[in-house]
Amino acid sequence: MKPSIPRGTRDFGPAEMQKRQYIFDTVKRNFQLFGYAPIETPTMENLEVLTGKYGDEGDKLIFKILNSGDYLKDFVFSGKEVEAFDKLERSNSNAFLPSNGILESDKHIRQISEKALRYDLTVPFARYVVMNQNALTFPFKRYQVQPVWRADRPQKGRYREFYQCDADVIGSDSLVNELELLSLMDKAFRELNIPVLIKFNNRKILSGIAEILNASEQIIDITVAIDKLDKIGKEGVVKELRDKGISDAAIELLEPLIDLSGSNEDKVNTLKTFLDTSEVGKKGIEEIEFLLNHLSTINIGHVSVELDITLARGLNYYTGTIFEAKANAGTFTPSILGGGRYDDLTGIFGLKNMSGVGISFGIDRIYDVMEELKLFPESVNKVTTTKVLFTNFGEAEQLHCLGLAARLRAAGINTEVYPDAGKKIAKQFEYADKKQIPFVAVVGTNEMAKNTVMLKNMQSGTQMEIGLDDLKTVLAS
RNA sequence: GUAGGUAUAGCUCAGUUGGUUAGAGCACCAGAUUGUGGUUCUGGGGGUCGCCGGUUCGAACCCGGUUACUUACCCCA
């Protein structure tokens, strides 16, 4: 059998892991710097915890887990299915024909599957908060770095298994949380050296717009359509709005907003006029202004921050501020971070008045962007962290080297001893070369007798015979 | 779910209007060099040309089907 892995999943080798760890470490360090504490939740959730939280499209992308046991035993198949099955297993097809009901995937899904792989980290977090509400201290700040799964068609920058790095604070409706998250993003992206444009918006603005257009129940259609502005252009957006049944009068009203441009302040001023009669819209503007007014207070300096009222974000649960970050250089500029405020995500699980806000770093896409822009520092661009390899000339020499290795490791120096006996010395050097180990320590009978090693610098090709103390000094530098 | 592209050695790919024994680079193994890698030279192993069927004297090549991968749409990190 030819080995393979499921579409949209990947293996990560040592070289890739060095770089992935670098991103994880940077992001985690910054989470902790802002007071977030780590949690983890199970890979699988009960299906009903996840369904209905991500919109119709999102729900379709949830990976469901088959129940254990013979969950089909109570079902009758239709004549067509029996016929197809009969062709395959003519001999004992009757075994599958008891009498209870016809199998229909939408009706009987629960009897086939009652668990699913997590689709994001936010909903499991909300579930966790509700289940542990009495043990938690609010406002509760948590971070979580785990893979999520989506049954998408994979393409460039889109995987079926990928990691999210989430930081959320729940139990506080202060906009200071949004401000601090902006500060966190700025700091993390600065350390990763990625040029980033952070777009933000507010769901209340979008609600206000829908209200003014007298199309509140079509808010999703409207936001999804204008979200595509930079992709399909103004004509495309107008066409999509028409297709969704938005009236021409409403589309006409909307036009100045589709054309909205200029500085953040200009946009806010236009919005103020437009949303003058909408209470929720005015609240949204107030929130946006607070954030804009304090960007300098928190010293945002690396990322650009731009108000973009076409930013919608598909997830159903957002109610206030929404964030999205994109790489601001190169040709490959996918969304590498998303987030926002959700006022009532825990409500579905029975806990009211628990507003939260959070962001999610898309680490796999960050990796892809950094790879394209060649942003990884030299220190992580290697396949191993081993500093020195001891050669193996034979049993006595190897045992001697094991002792030396133990002393180097005690000094914090990453050390390997070539394990297999009887390998040519050239082979052992080749091993060091391929792993990019910078030093090889050759220890034969001569060196043993003098209690020295012949240390070769693999990059320069030079070598010198030195004692243990000098060895430590050279390798520690 | 919709539309396109691709499938030949472990990897990346050539392969002429259909014609003998299907090639290259990289990788791998051995030797030149029995205490020295990365460079060089010499030799070697490695193929169900995705799969099934059709056309033909003859198919990697043409035709039909099928599967996998991939790009885009939808949606999203």
Side-chain angles (χ1 to χ4, degrees), chain A residues 2-10 23 27 54-62 118-122 145-166 220-221 223-225 227-228 231-232 236 240 243 311-316 318 322-327 332-340 358-369 389-394 397 418 422-448 453-463 465:
Chain A
K2 212 175 178 180
S4 63
I5 57 174
R7 172 163 42 161
T9 65
R10 289 135 327 136
I23 303 174
V27 171
Y54 306 112
D56 289 343
E57 291 298 323
D59 281 1
K60 283 185 204 155
L61 300 181
I62 295 172
R118 73 170 95 78
Y119 177 93
D120 72 355
L121 301 180
T122 311
V145 176
Q146 287 188 277
V148 302
W149 291 267
R150 296 185 186 177
D152 239 353
R153 278 279 173 84
Q155 49 190 274
K156 190 173 170 64
R158 168 175 304 191
Y159 308 102
R160 298 216 288 188
E161 177 183 58
F162 61 96
Y163 271 76
Q164 292 196 328
C165 306
D166 277 38
I220 300 268
D221 288 338
T223 53
V224 165
D227 185 49
K228 293 178 193 162
K231 213 177 230 176
I232 60 179
E240 174 149 345
D243 291 348
L311 176 62
R313 301 199 54 71
L315 297 177
N316 274 358
Y318 290 123
I322 44 188
F323 296 114
E324 177 172 274
K326 284 176 173 242
F332 181 56
T333 58
S335 167
I336 53 176
L337 172 147
I359 54 173
S360 178
F361 288 81
I363 208 248
D364 302 83
R365 287 180 175 177
I366 290 175
Y367 179 99
D368 292 341
V369 166
L389 172 77
F390 281 98
T391 56
N392 176 1
F393 276 107
E397 291 91 335
Y418 195 85
K423 292 276 183 187
K424 284 184 179 169
I425 221 66
K427 204 83 213 149
Q428 303 184 31
F429 268 89
E430 198 179 301
Y431 172 83
D433 182 55
K434 286 197 173 140
K435 282 187 73 172
Q436 297 165 24
I437 298 171
F439 292 96
V440 173
V442 181
V443 183
T445 45
N446 294 342
E447 289 83 3
M448 265 177 81
V453 307
M454 185 65 81
L455 186 69
K456 175 158 180 173
N457 180 324
M458 292 295 280
Q459 207 180 344
S460 68
T462 58
Q463 59 184 25
E465 193 175 349

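What you see is a predicted model, and the numbers here were worked out from it, not measured in a lab. So that the names make sense, note that chain A is the first sequence line, chain B the second, and so on, each numbered from 1.
- B:C49 and B:A14: their C1' atoms are spaced 13 Å apart (whole Å).
- In this structure, the side chain of A:Glu161 does not engage the main chain of A:Pro147 through any donor-acceptor pair within 3.5 Å.
- For the atom pair CG of A:Leu61 and CG of A:Asp56, the computed distance is 11.0 Å after rounding to the nearest 0.5 Å.
- Checked by atom type and distance alone, the side chain of A:Arg160 never pairs as donor or acceptor with a backbone atom of A:Pro154 at under 3.5 Å.
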| query | So A:Val369 and A:Phe332, side chain to side chain contact (heavy atoms under 4.5 Å, CB included) or not? Walk me through it. | reply | CA-CA 7 Å; A:Val369 166; A:Phe332 181 56; 4.3 Å; yes
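- Between B:G4 and B:G43, the distance separating the two P atoms is 49 Å to the nearest Å.
- With hydrogens and angles left out, the side chain of A:Arg158 and the base of B:C75 share a donor-acceptor pair within 3.5 Å.
- Sequence order on RNA chain B of the closest nucleotides to A:Leu61 and A:Gly8 puts A:Gly8 first from the 5' end.
- Look at the P atom in both B:G5 and B:C76: the space between them is 29 Å, to the nearest Å.
- Comparing B:A22 with B:A68, their P atoms sit 31 Å apart, to the nearest whole Å.
- Checking the phosphate oxygens (OP1, OP2) of B:C28, a side-chain nitrogen or oxygen of A:Lys434 falls inside 4.0 Å.
- Rounded to an integer number of Å, the gap from A:Arg10 CZ to B:A77 P is 16 Å.
- The side-chain heavy atoms of A:Met458 and A:Ile437, taken from C-beta on, include no pair separated by under 4.5 Å.
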So which protein N/O to nucleotides 42-45 of chain B N/O distances come out below 3.5 Å?
none

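- Distance CG (A:Asp59) to C1' (B:G1): 16 Å, rounded to an integer number of Å.
- For A:Lys423, the NZ atom sits in a loose shell: 12 or fewer heavy atoms of surrounding residues, nucleotides or ligands are nearer than 6.0 Å.
- As a whole-Å value, the separation of A:Asp56 CG from B:G1 C1' is 15 Å.
- B:A7 sits 14 Å from B:G47 when the C1' atoms are compared, rounded to a whole Å.
- Heavy atoms of A:Glu430 sit under 4.0 angstrom from primed sugar atoms or phosphate atoms, though from no base atom.
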| request: For nucleotides 30-36 of chain B, just jot down a letter per nucleotide in 5' to 3' order: B, S or -, based on protein non-hydrogen atoms under 4.0 Å. | output: SS---BB
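- With A:Arg150 contributing its side chain and A:Tyr119 its backbone, the two residues share a donor-acceptor pair below 3.5 Å.
- Contacts of A:Gln459 with the nucleic acid, taken as non-hydrogen atoms under 4.0 Å apart, include base atoms.
- Relative ring orientation between A:Tyr418 and A:Tyr431 is described as perpendicular, the plane-to-plane angle rising above 60° on a 0-90° scale split at 30° and 60°.
- Residue contacts shown for A:Lys228 are limited to sugar-phosphate atoms, with no base heavy atom under 4.0 Å away.
- A:Gln155 has its CD atom 11 Å from the P atom of B:U70, to the nearest Å.
- One donor-acceptor pair, N or O on each side, does fall under 3.5 Å between the base of B:G37 and the side chain of A:Asp433.
- Between the base of B:U71 and the side chain of A:Arg153 there is no donor-acceptor pair shorter than 3.5 Å.
- One atom, CZ of A:Arg7, and another, P of B:U67, lie 12 Å apart when rounded to the nearest Å.
- Nucleic acid contact for A:Ser335: sugar-phosphate only, since backbone atoms but no base atoms lie under 4.0 Å from a heavy atom of the residue.
- A distance of about 23 Å separates the P atoms of B:U71 and B:G15, rounded to the whole Å.
- Between A:Tyr163 atom OH and A:Leu121 atom CG the span is 10.5 Å, to the nearest 0.5 Å.
- Between the side-chain ring of A:Tyr431 and the base of B:G37, no stacking contact exists by the 5.5 Å and 30° definition.
- Rounded to whole Å, the separation between the C1' atoms of B:U16 and B:A77 comes to 47 Å.
- Looking at heavy atoms from C-beta onward, A:Phe429 lies in side-chain contact with A:Val442 at the 4.5 angstrom threshold.
- Remark: P of B:U2 and CD of A:Glu57 are 14 Å apart, rounded to the nearest angstrom.
- With both ends at atom P, the span from B:C61 to B:C52 equals 13 Å, rounded to whole Å.
- Within 4.0 Å (heavy atoms only), A:Tyr159 reaches at least one base atom of the nucleic acid.
- Backbone-only contact: A:Leu337 has heavy atoms under 4.0 Å from sugar-phosphate atoms and none from a base.
- Looking only at distances, no side-chain donor or acceptor of A:Arg365 sits under 3.5 Å from a matching main-chain atom of A:Ile336.
- Once rounded to the nearest 0.5 Å, the distance linking CG of A:Asp433 with CD of A:Gln428 reads 13.5 Å.
- Within 4.0 Å (heavy atoms only), A:Gly157 reaches at least one base atom of the nucleic acid.
- In this structure, A:Lys156 places its NZ atom 19 Å from P of B:A77, rounding to the nearest Å.
- Here A:Gln164 does not reach the OP1 or OP2 of B:A77: none of its side-chain N or O atoms lies under 4.0 Å away.
- In this structure, A:Tyr54 places its OH atom 15 Å from C1' of B:C75, rounding to the nearest Å.
- Remark: RNA chain B forms stems of 3 or more consecutive Watson-Crick or G-U wobble pairs, all pair distances under 3.5 Å, at B:1-7 with B:67-73, B:10-13 with B:23-26, B:28-32 with B:40-44, B:50-54 with B:62-66.
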